[in-house]
Amino acid sequence: MGVAKPSIPKGARDFDPDKMVKRKFILNTIESVFIKYGFQPLETPAMENLSVLTGKYGDEGDQLLYKVLNSGDFLKKVSDTEWKEGAKALLPKISEKGLRYDLTVPFARYVVMNHGQMTFPFKRYQIQPVWRADRPQKGRYREFYQCDADVVGANSLICEAENVLMMNEVFHQLGIHDFVIKINNRKILTGVAKYIGEAGNEGPLCVAIDKLDKIGREKVEEELLNSGFDKSAIEKLSFLFDAGNKENLELVEAMENVLEGVDEAEEGLKEIREIFEYIDAYGLTNHHLQFDITLARGLSYYTGAIFEVRALNSQITSSISGGGRYDNLTGVFGLEGVSGVGFSFGVDRIYDVMEDLSLFPDESLNSTDLLIVNFDKTLEKKIVGIAGQIRASGISTEVYPEPVKLKKQMNYANKKGIPYVILAGTEELESGKLTFKDMRLGEQKSMTLTEILTFFKKEV
RNA sequence: GUGGUUGUAGUUCAGUUGGUUAGAACGCCUGAUUGUGGUUCAGGAGGUCGUGGGUUCGAGUCCCAUCUUCCACCCCA
């Protein structure tokens with residue numbers, strides 16, 4: 001009997017060191033920008049009670065929730081009749097907990113549980129994995145990370161403007177310069193629904209026009225027809241499809257003319273204007289922002305501004321960041337009147353874009369600066385001492401832990417991309433002149449430890 | 001959840017209508033070089049052909065199941 005081959009669950013991944021170094025580069029960049037704008041870290045448990053999770057993501061979402069089986073004899077509360085009633089009736093008896101599906105609902109739960117002690121506006125960021133029992137595809141996994149930042153308890157459009165600022169800062173730092181931040185406002189879309197005589201039907205309207213760039217105008221109109229929209233209503237939508245490539249403010253103006261007198265739309269357009277004004281006032285000139293009246297985003301809880309970021313000139317066309325304002329985050333948990341604005345970065349997709357455009361900087365990849373070669377057991381105590389002194393000045397240093405063949409040690413340095421090597425055998429240690437080799441140039445010099453340390457000081 | 005697709009050495013892939021001992025490249029190990037990596041040369045190791053059944057004298061090749069990969073829906077990051 002052979003040992004079973006090890007495997008990992010479908011849609012889950014190992015991140016090997018090569019990948020982790022790159023992921024960390026992205027994650028650290030995002031985190032530092034969050035912190036720079038005053039957001040504080042928050043983590044919530046991987047498991048939530050199912051009562052918190054179910055019913056928050058629609059019927060489809062409930063299907064995609066991972067449920068955790070009760071520990072012990074999970075069948076002990078189940079009677080024969082319940083067993084026969086099928087999975088749906090059985091579920092609450094055998095499972096009380098589930099894995100988190102996103103970071104927004106657990107955050108809402110947190111706010112409701114703690115709002116008495118919190119000071120508002122409350123700004124938190126959260127970078128944690130979430131789980132969905134979806135069928136995996138390229139760029140879609142069953143376990144993946146979300147990076148959310150939200151402000152709750154503030155209605156000012158400064159929050160929206162700062163979202164745009166943070167998106168710009170993150171992508172600039174990552175070296176992604178060709179991207180577009182599309183902005184729209186749910187109030188405008190609500191107004192549009194009203195305008196075409198389908199007041200209250202903005203839900204299906206959003207779902208349909210959100211697919212515009214993917215399936216085209218005809219299919220969208222077809223879907224609307226199937227959703228029960230009137231033919232005349234769909235015809236009235238043509239102003240939206242024909243909006244064309246106008247300048248941002250020009251488009252705002254054009255829409256103001258079309259939608260004049262529809263209160264919600266007027267308000268939404270005013271907000272768009274104001275966000276542009278704030279961004280202007282912040283002094284951000286190249287903001288990559290583009291008002292797009294057809295941007296909708298499928299998610300139902302948005303009520304104000306909505307954002308979506310896409311990289312340009314990349315094979316990866318799906319969105320790499322997005323967000324928006326929601327008026328009633330905590331309503332489902334019985335706490336009314338807490339509004340918020342949030343957005344998130346799609347780490348996996350940002351990773352794919354950067355890989356696609358070869359944007360990962362080489363320096364971000366090797367972590368060790370220096371390797372000290374191990375010649376002989378009897379010299380180990382000395383080279384270890386040297387390593388300690390070098391590390392004390394902040395240089396990341398390795399001692400090769402065994403006195404194996406030099407070739408193998410040099411090869412180790414080479415494979416790991418370690419740029420400098422110290423060779424210190426009996427002679428070097430006696431004279432204090434260490435052999436210091438630059439692996440990239442292939443040159444080596446005799447240098448004292450102090451000389452080496454000053455060399456690194458100049459390098460960094 | 002629906003329909004399709006993929007799986008052969010560490011990796012990327014060949015493998016003829018089913019027919020001897022399943023190949024290549026790269027990587028890995030050893031040596032040329034016992035104190036010098038990245039280039040070169042010589043040699044070597046490594047495979048229950050995803051897994052489990054079945055058909056057959058004979059299966060990497062055909063059939064069924066299952067897992068996995070990827071793709072299109074649905075939905076989404």
Side-chain angles (χ1 to χ4, degrees), chain A residues 1-13 16 18 26 30 57-65 87 100-104 127-148 206-208 210-211 214-215 219 223 296-300 307-310 316-323 342-353 371-376 379 400 403-429 434-446:
Chain A
M1 282 277 281
V3 181
K5 275 186 191 166
S7 62
I8 52 174
K10 187 201 264 260
R13 295 163 291 169
D16 56 38
D18 269 7
I26 297 172
I30 293 170
Y57 309 104
D59 285 346
E60 301 237 13
D62 284 354
Q63 297 267 308
L64 300 180
L65 278 177
R100 80 166 97 73
Y101 179 90
D102 70 358
L103 300 178
T104 308
I127 301 175
Q128 287 189 277
V130 302
W131 294 269
R132 293 182 190 179
D134 207 351
R135 186 172 293 203
Q137 282 182 35
K138 187 162 193 89
R140 282 175 71 170
Y141 306 95
R142 287 182 164 177
E143 179 187 68
F144 61 96
Y145 277 73
Q146 289 191 331
C147 306
D148 282 22
C206 287
V207 171
D210 190 46
K211 299 174 186 164
K214 207 174 170 186
I215 62 176
K219 295 263 180 190
E223 182 168 331
R297 303 216 85 199
L299 291 172
S300 56
F307 301 99
E308 190 161 282
V309 185
R310 279 166 204 276
I316 315 298
T317 53
S318 44
S319 75
I320 51 176
S321 177
F343 72 111
S344 77
F345 290 102
V347 205
D348 290 307
R349 287 171 181 180
I350 292 172
Y351 184 101
D352 290 342
V353 167
L371 175 77
I372 304 182
V373 163
N374 187 339
F375 279 108
D376 196 276
L379 303 174
Y400 201 91
V404 296
K405 282 196 184 109
L406 188 50
K407 184 186 170 96
K408 191 173 163 79
Q409 301 191 41
M410 297 303 283
N411 198 35
Y412 175 83
N414 192 51
K415 284 279 152 61
K416 219 171 157 180
I418 301 173
Y420 300 101
V421 171
I422 285 180
L423 297 100
T426 324
E427 239 173 72
E428 283 97 338
L429 288 170
L434 311 177
T435 302
F436 182 68
K437 175 155 183 169
D438 181 323
M439 294 294 279
R440 283 175 294 206
L441 300 175
E443 291 165 1
Q444 60 188 46
K445 276 189 229 172
S446 259

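The chains referred to below are lettered A, B, ... by the order of the sequence lines, with proteins before strands, and numbering in each begins at 1. This structure is a prediction, so every number in the text was calculated from the model and none was measured.
- Distance from the side chain of A:Arg135 is smallest to B:G1 among B:G1, B:U36, B:C76.
- Spacing between atom CE of A:Met439 and atom P of B:U36 amounts to 13 Å, rounded to whole angstrom units.
- As judged by a 4.0 angstrom heavy-atom cut-off over every strand, A:Tyr412 is placed among residues making no nucleic acid contact.
- For RNA chain B, the stems formed by at least three consecutive Watson-Crick or G-U pairs, with both atom-pair distances below 3.5 Å, span B:1-4 with B:70-73, B:10-13 with B:23-26, B:28-32 with B:40-44, B:50-54 with B:62-66.
- In terms of phosphate contacts, A:Gln409 brings no side-chain nitrogen or oxygen within less than 4.0 Å of OP1 or OP2 of B:G37.
- Atom P of nucleotide B:G37 and atom CZ of A:Phe436 are separated by 18 Å, given to the nearest angstrom.
- Of the candidate nucleotides B:A72, B:A77, B:U36, B:U36 has the atom lying nearest to any side-chain atom of A:Met410.
- Residue contacts for A:Gly442: at a heavy-atom cut-off of 4.0 Å it reaches a base atom on one of the strands shown.
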Just distance, no hydrogens or angles: give the donor-acceptor pairs under 3.5 Å from side chains in residues 417-428 of chain A, sequence neighbours left out.
residue: A:Tyr420; atom: OH; partner: A:Glu459; partner atom: OE1; Å: 3.0
residue: A:Glu428; atom: OE1; partner: A:Gly425; partner atom: N; Å: 3.0
residue: A:Glu428; atom: OE2; partner: A:Thr435; partner atom: OG1; Å: 2.8

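- A donor-acceptor contact under 3.5 Å is formed by the side chain of A:Asn414 with the base of B:G37.
- Applying the salt bridge (Lys or Arg N to Asp or Glu O under 4.0 Å) criterion to A:Glu308, with sequence neighbours excluded, gives A:Arg297, A:Arg310.
- Here A:Gly323 lies out of heavy-atom contact (under 4.0 Å) with every strand.
- Taking atom C1' in both B:C63 and B:G18, the straight-line distance is 13 Å, to the nearest Å.
- Comparing B:U55 with B:C64, their C1' atoms are spaced 11 Å from each other, to the whole Å.
- Taking 4.5 Å as the limit, every side-chain heavy atom of A:Pro403 sits out of range of all side-chain heavy atoms of A:Phe375.
- Regarding contacts with the backbone of B:C28, a side-chain N or O of A:Lys415 is found under 4.0 angstrom from either OP1 or OP2.
- Residue side chain A:Arg140 reaches the base of B:C75 through a donor-acceptor N/O pair under 3.5 Å, judged by distance alone.
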One pair to check against side chain to side chain contact (heavy atoms under 4.5 Å, CB included): A:Leu371 and A:Tyr412. What are the steps and the verdict?
CA-CA 9 Å; A:Leu371 175 77; A:Tyr412 175 83; 4.2 Å; yes
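- Between B:G53 and B:A42, the distance separating the two P atoms is 45 Å to the nearest Å.
- Closest to the A:Glu428 side chain, of the nucleotides B:A77, B:G35, B:C74, is B:G35.
- Side-chain N or O atoms of A:Glu143 include none that pairs as donor or acceptor with a backbone N or O of A:Arg13 at under 3.5 Å.
- Rounded to the nearest Å, the gap between the P atom of B:G44 and that of B:G7 is 31 Å.
- In this entry the distance linking NZ of A:Lys408 with P of B:C29 reads 6 Å, nearest Å.
- Of the possible donor and acceptor atoms, none in the side chain of A:Asp438 sits under 3.5 Å from a partner among the backbone N and O of A:Glu443.
- Look at NZ on A:Lys10: it is 11 Å from C1' on B:U66, rounded to the nearest Å.
- In the displayed structure, A:Asp376 atom CG is contacted under 6.0 Å by more than 12 heavy atoms of other residues, nucleotides or ligands.
- Residues A:Arg349 and A:Ile8 each lie close to RNA chain B; by heavy-atom proximity, the contact nearer the 5' end of the strand is made by A:Ile8.
- One P atom belongs to B:U20, the other to B:C49, and the distance between them is 16 Å to the nearest Å.
- By the 5.5 angstrom centroid cut-off and the 30-degree plane limit, A:Phe144 is classified as stacked against the base of B:A77.
- Rounded to whole angstrom, the span from the NZ atom of A:Lys211 across to the C1' atom of B:C76 amounts to 11 Å.
- A donor-acceptor pair under 3.5 Å is absent between the side-chain atoms of A:Arg142 and the main chain of A:Arg135, judged by distance alone.
- With P as the reference atom, B:G37 and B:U48 are 34 Å apart, rounded to whole Å.
- Taking the six-membered ring for Trp and the full ring otherwise, the centers of A:Phe343 and A:Phe307 sit at least 6.0 Å from each other.
- The backbone N or O of A:Asp102 sits nowhere less than 3.5 Å from a side-chain atom of A:Gln146 that would complete a donor-acceptor pair.
- The residue among A:Leu64 and A:Lys407 whose nearest nucleotide of RNA chain B lies closer to the 5′ end is A:Lys407.
- Look at CD on A:Glu60: it is 13 Å from P on B:A77, rounded to the nearest Å.
- Minimum atom distance to the side chain of A:Thr435 is reached by B:G35, of the listed B:C75, B:G31, B:G35.
- Closest to the side chain of A:Lys437, out of B:U36, B:C73, B:C76, is B:U36.
- Between A:Asp210 atom CG and B:C76 atom C1' the separation is 10 Å, expressed in whole Å.
- If you take CG of A:Asn411 and C1' of B:G27, they are 12 Å apart, rounded to a whole angstrom.
- As judged by a 4.0 angstrom heavy-atom cut-off over every strand, A:Tyr141 is placed among the base-contacting residues.
- With both ends at atom P, the span from B:C26 to B:C67 equals 38 Å, rounded to whole Å.
- Rounded to whole Å, the separation between the C1' atoms of B:U66 and B:A25 comes to 33 Å.
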